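What follows is a set of notes on a single structure, which appears directly below.
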Amino acid sequence: MFPATACRTATLDPIDAPTHVIELVERAGRYPDRTALLAPEGTFSYDDLLKVSGAAATRLLAGRDDLAGARVCYLIPPGWDHTVVQWSIWRAGGLAVPLATSHPPTELGHVLDDAQPEAVIVHPTLLGRVEAVAAERRLPVLQTPALLAEGAAALLPGVDEARPALMLYTSGTTGQPKGVVLSHANVRAQIESLSEAWGWQEDDHIILHLPLHHVHGIVNVLCSALWNGAMCEVLPRFRAVDVWERLARADATLYMAVPTVYRRLIDAWDAADPDTREAWTAGARACRLMVSGSAALPVPTLERWETLTQHRLLERYGMTEIGMGLSNPLEGERRPGYVGTPLPGVEARLVDDEEQQVEDGASGHIQIRGPAVFTEYWHRPEETNAAFTADGWFRTGDQAVVEDDAWRILGRSSVDILKTGGEKISALEIEEVLRSHDEVSDCAVVGIPDVDWGDRVCAAVVVTDQATITPEELRSFAKSRLAPYKVPKDVQLVDGLPRNAMGKVTKPAVRDLFAPEDDE
Ligand code: MCA
Ligand code: AMP
């Protein structure tokens, strides 16, 4: 067993010792014997994490001193391998770019083209998804068994906090998804803020089934647990019954998920027999905190969850670019339908269209400032510039109102940004793909309010000949090119799209073509 600091500096003269150690990594040396991960691959201590990531970082360096911010993409299911690879990229001085395990090759190709990584690390089970895409771009592919094999750790570089740590892809109102760059300092600020606000402790045990290409899974769950010496239990995928069975063991203290997941858990509880329900409910009550976020939590879902588990969900508001911004309190009143107040270290304000702060009680655009806010959109200086005011406030694109000191999210300013099952998507990106079909002459994508998904993605499509193409064929076409959650759930063939006097498609009128789901 050797703590990170010892293994890194053992052979060094103090004068050569790296001056900057990634704090998350350094802290792991405090809890060598504690369990860091209960993963599909096994049970691993903090010491294991330090040793294996040190050896893997050394392999990534391949004799170099420092990856110096080189991007390394990785396509690995959530679990031990995924976590070690993230740490090894960081410890070698690289910029970690997680790829989404649900993405088809076309979407993966976009990230590879944009991020220009020096290599792609892949788990053997996902090799088929990325091998050809990487080969087309002449990118080396490293497989996890070889990368994570036992080995010695060499001297690893010092990594200044200002250096980029993570790049996460997010959809916007223009073009394809863009890379949001978070520095090590940004990640640390996000973790510290949540550790303080939500009272993370060493003996916490959190269940993780969220994807690991988003802030929610990476920072709020995985990194926050590891920062605090806590245990993160990774489930291979989300299945409502599996989550309930884990909760029923009554040893998890924390649980975090998106509203769609809570809704699915409620459905599974309703479908269970009385003894099972009782066991599930009793286990869930043993948790100290359950959090919902990434999309608006419908009040009926919050209320039903409270009836089942006696937990009033703590709803919070965040964004890839800012981490978490607003949160209901750990102690004190959590108002249904509200997301609380700014988190520690976060400055939040509401402004009008002229960017003047609004009067108390008036609605406005949310702007956020603070050390957790991202550094830049990768290689997009103009978009980065446009996202910030001259005095450093980030324009979130969301609207809110403050009522009796609590913030209530009113939605997004753009009709073209949708949230489905916690995934942010751009209607314009989906339209572009549909339009690339030979028989599609025009289309419009909208979000229809839906109790399960938040927004249900729907497309009205004008085709050249309705006799030769079906909505299902268009869905398959979209599925081969887009992430599954972007594929319209409902495609309607229409003779023409509703337009205003200027000839612009009127999205509210497009929405009227699709029946909204009944609310509870
Ligand atoms: C899967 N499908 C979806 C979604 N996920 N459709 C719409 N929206 C989705 N999010 C599709 C599948 O492709 C499939 O399509 C059908 O729905 C049923 O799939 P199923 O297997 O039941 O879905 P699942 O695999 O169980 O996934 C549902 C999920 C998942 C568990 C809700 O989407 C999820 O984990 N979402 C969380 C995402 C997240 O972590 N977001 C945080 C980003 P078909 O039947 O046609 O094949 S936001 C963030 O990080 C900020 C900072 C924040 O504030 O947190
Ligand atoms: P993403 O860019 O995927 O990080 O998604 C961030 C967006 O999710 C925010 O800009 C909001 O629109 C939305 N969001 C996150 N949390 C909440 C919440 N509690 N209520 C409403 N919307 C939310």
Side-chain angles (χ1 to χ4, degrees), residues 78 98 100-104 166 168-172 177-178 180 182 190 194 208-222 235-243 256-265 267-268 291-299 302 313-328 337-340 365-366 368 372 374 394-400 407-414 417-426 430 447 450 452-458 472 475-476 478-479 482-491:
T101 56
S102 61
H103 280 189
L166 261 183
L168 306 177
Y169 277 78
T170 195
S171 294
K178 46 188 187 261
V180 174
L182 298 169
Q190 294 184 12
L194 297 185
L208 167 65
H209 56 69
L210 295 169
L212 286 181
H213 62 283
H214 289 309
V215 163
H216 197 164
I218 301 171
V219 179
N220 297 21
V221 182
L222 181 64
L235 306 183
R237 64 174 302 250
F238 171 71
R239 277 189 62 236
V241 169
D242 295 349
V243 173
M256 299 180 193
V258 301
T260 301
V261 162
Y262 285 106
R263 176 79 196 188
R264 298 251 191 114
L265 292 173
D267 290 345
V291 179
S292 174
S294 303
L297 175 65
V299 172
L302 174 143
L313 290 170
L314 180 154
E315 186 175 7
R316 55 57 179 182
Y317 159 86
M319 193 173 179
T320 305
E321 287 89 333
I322 64 162
M324 297 303 108
L326 307 161
S327 170
N328 272 289
Y338 290 77
V339 292
H365 307 283
I366 307 175
I368 299 280
F374 77 124
F394 171 66
R395 305 178 170 114
T396 63
D398 289 310
Q399 297 185 351
W407 291 58
R408 183 160 64 87
I409 306 295
L410 300 173
R412 289 202 64 86
S413 312
S414 164
I417 298 291
L418 314 179
K419 261 272 156 148
T420 168
E423 297 283 0
K424 180 173 161 184
I425 58 180
S426 156
I430 301 167
D450 181 281
D452 291 323
W453 294 114
D455 284 322
R456 191 168 93 254
V457 180
C458 295
E472 213 27 64
R475 268 176 44 82
S476 305
K479 210 168 189 166
L482 290 166
Y485 51 82
K486 296 179 185 171
V487 177
K489 302 255 181 255
D490 192 350
V491 174

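Counting from 1, the numbers follow the sequence of the chain as shown. Keep in mind the model is a prediction, meaning the values are calculated, not measured. Order of appearance sets the numbers: ligands from 1, and atoms from 1 within every ligand.
The nearest heavy-atom contact from the protein to atom 33 (O) of ligand 1 is Gly421 O, 3.9 Å. Among all protein heavy atoms, the one lying closest to atom 1 (C) of ligand 1 is Trp453 CH2, 4.1 Å. Nearest protein heavy-atom contact of atom 22 (N) of ligand 2 is Ala296 N, 3.8 Å. Given atom 48 (S) of ligand 1, the protein heavy atom at minimum distance is Lys419 NZ, 3.3 Å. Closest protein heavy atom to atom 2 (O) of ligand 2: Lys424 CD, 3.0 Å. For atom 26 (O) of ligand 1, the closest non-hydrogen atom of the protein is Arg264 NH1, 3.0 Å. For atom 1 (P) of ligand 2, the closest heavy atom belonging to the protein is Thr320 OG1, 3.4 Å. Ranking protein heavy atoms by distance to atom 50 (O) of ligand 1, first place goes to His216 N, 3.0 Å. Nearest non-hydrogen protein atom to atom 39 (C) of ligand 1 is His214 CD2, 3.6 Å. When hydrogens are left out, the protein atom nearest atom 49 (C) of ligand 1 is Ser294 OG, 3.9 Å; that is the closest non-hydrogen contact. Nearest protein heavy-atom contact of atom 38 (C) of ligand 1 is Glu423 OE2, 3.5 Å.
In terms of modelled atom types and a separation under 3.5 Å, the side chain of Tyr262 and the main chain of Val291 share a donor-acceptor contact. Judged by distance alone, with hydrogens and angles left aside, the side-chain atoms of Asp455 form no donor-acceptor pair with the main-chain N or O of Thr420 at under 3.5 Å. Looking at Asn328, its side chain does come within 3.5 Å of a backbone N or O of Glu315 through a donor-acceptor pair.
Nearest approach of Leu314 to Ser327, heavy atoms of both residues: CD2-OG, 3.4 Å. A pairwise comparison of heavy atoms in Lys486 and Ile430 identifies O-CD1, 3.2 Å as the closest pair. For the residue pair Pro484 and Ser102, the shortest heavy atom distance occurs at CD-O, 3.0 Å.
Side-chain contact between Pro78 and Leu212: present, with at least one pair of heavy atoms (C-beta onward) separated by less than 4.5 Å. Between Ser171 and Pro177, the closest side-chain pair of non-hydrogen atoms falls below 4.5 Å. Between Met256 and His216 the shortest side-chain heavy-atom distance falls below 4.5 Å. Contact annotation: the side chain of Val261 never approaches that of Val243 to less than 4.5 Å [non-hydrogen atoms, C-beta and beyond]. Inter-residue side-chain proximity for Pro104 and Leu482 is flagged as unmet; no heavy-atom pair is nearer than 4.5 Å. Counting only heavy atoms from C-beta outward, the side chains of Met324 and Val215 approach each other to under 4.5 Å.
At a 3.5 angstrom cut-off on N or O pairs, Tyr317 does not count as close to ligand 1. Taking any N or O of Thr420, backbone or side chain, at least one lies under 3.5 Å from an N or O belonging to ligand 1. Note: no N/O pair closer than 3.5 Å links Thr260 and ligand 1 by distance alone. The distance criterion of under 3.5 Å between nitrogen or oxygen atoms is met by Arg316 with respect to ligand 2.
Using 4.0 Å as the threshold, Arg475 has a heavy atom nearer than that to some atom of ligand 1. Judged by the shortest distance from any of its heavy atoms, Asp398 lies inside the 4.0 Å radius around the atoms of ligand 2. Under a 4.0 Å heavy-atom criterion, Arg316 is in contact with ligand 1. Ligand 1 has Pro211 within reach: a non-hydrogen atom of the residue lies less than 4.0 Å from it. The closest approach between Met324 and ligand 1 falls below 4.0 Å for a heavy atom of the residue. Assignment of Glu321 to the shell around ligand 1 is not supported, since no heavy atom sits closer than 4.0 Å.
Numbered from 1 in the order shown, with element, the atoms of ligand 1 that lie under 4.0 Å from a heavy atom of Tyr485 read 3 (C), 4 (C), 6 (N), 7 (C), 8 (N), 9 (C), 10 (N). Every atom of ligand 2 with a heavy atom of Glu315 under 4.0 Å away is listed here by number and element: 18 (C), 19 (N), 20 (N). Per-residue contacts place Thr320 under 4.0 angstrom from the following atoms of ligand 1 (heavy atoms of the residue considered): 52 (C). Those atoms of ligand 1 with a heavy atom of Met319 less than 4.0 angstrom away are 52 (C), 54 (O). Under a 4.0 Å criterion applied to the non-hydrogen atoms of Gly318, ligand 1 contributes the atoms 54 (O). Of all the atoms in ligand 2, the ones that sit under 4.0 Å from a non-hydrogen atom of Thr170 are 2 (O).
Selection from Lys479, Lys489, Arg237, Lys424 by nearest heavy atom to atom 25 (O) of ligand 1 gives Arg237. Nearest-heavy-atom check against atom 15 (C) of ligand 2 across Pro177, Gly454, Gly318 picks out Gly318.
Only the backbone of Ala295 comes within 4.0 Å of ligand 2, judged by heavy-atom distances. Under 4.0 Å from ligand 2, the heavy atoms of Arg412 that appear belong solely to its side chain. Contact annotation: for Lys419 versus ligand 2, heavy atoms closer than 4.0 Å belong to the side chain alone. In Ser294, the part holding a heavy atom less than 4.0 Å from any atom of ligand 2 is the backbone. At a 4.0 Å heavy-atom cut-off, ligand 2 touches Val339 through the side chain alone.
Annotation: the span from Arg475 atom CZ to Lys489 atom NZ amounts to 7.0 Å, rounded to 0.5 Å. To the nearest 0.5 Å, the span separating CD1 on Ile366 from CG on Leu410 amounts to 8.0 Å. Atom-to-atom distance recorded for Arg237:CZ and Asp242:CG is 8.5 Å, nearest 0.5 angstrom. From Thr260, atom OG1 reaches atom NZ of Lys419 across 10.0 Å, with rounding to the nearest 0.5 Å. Between the CZ atom in Phe374 and the OG1 atom in Thr320 there is a gap of 10.0 Å [rounded to 0.5 Å].
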Run the side chain to side chain contact (heavy atoms under 4.5 Å, CB included) test on Ser294 and Arg316 for me, step by step, so that the C-alpha distance in whole Å, both residues' side-chain angles and the decisive distance to 0.1 Å come before the verdict. CA-CA 8 Å; Ser294 303; Arg316 55 57 179 182; 3.6 Å; yes

Determine, step by step, whether Tyr317 and Thr396 satisfy the side chain to side chain contact (heavy atoms under 4.5 Å, CB included) criterion, reporting the C-alpha distance in whole Å, the side-chain angles of both residues, the deciding distance to 0.1 Å, and the verdict. CA-CA 11 Å; Tyr317 159 86; Thr396 63; 3.5 Å; yes

Does Ile417 form a side chain to side chain contact (heavy atoms under 4.5 Å, CB included) with Lys424? I'd like the steps, not just the answer. CA-CA 7 Å; Ile417 298 291; Lys424 180 173 161 184; 3.8 Å; yes

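The nearest protein heavy atom to atom 43 (C) of ligand 1 is closer than 4.0 Å. Closer than 4.0 Å to atom 14 (C) of ligand 1 lies none of the heavy atoms of the protein. Distance check for atom 18 (C) of ligand 1: every protein heavy atom is found at 4.0 Å or beyond.
Taking the six-membered ring where the residue is Trp, His209 and Phe238 present tilted rings, their angle falling between 30° and 60°.
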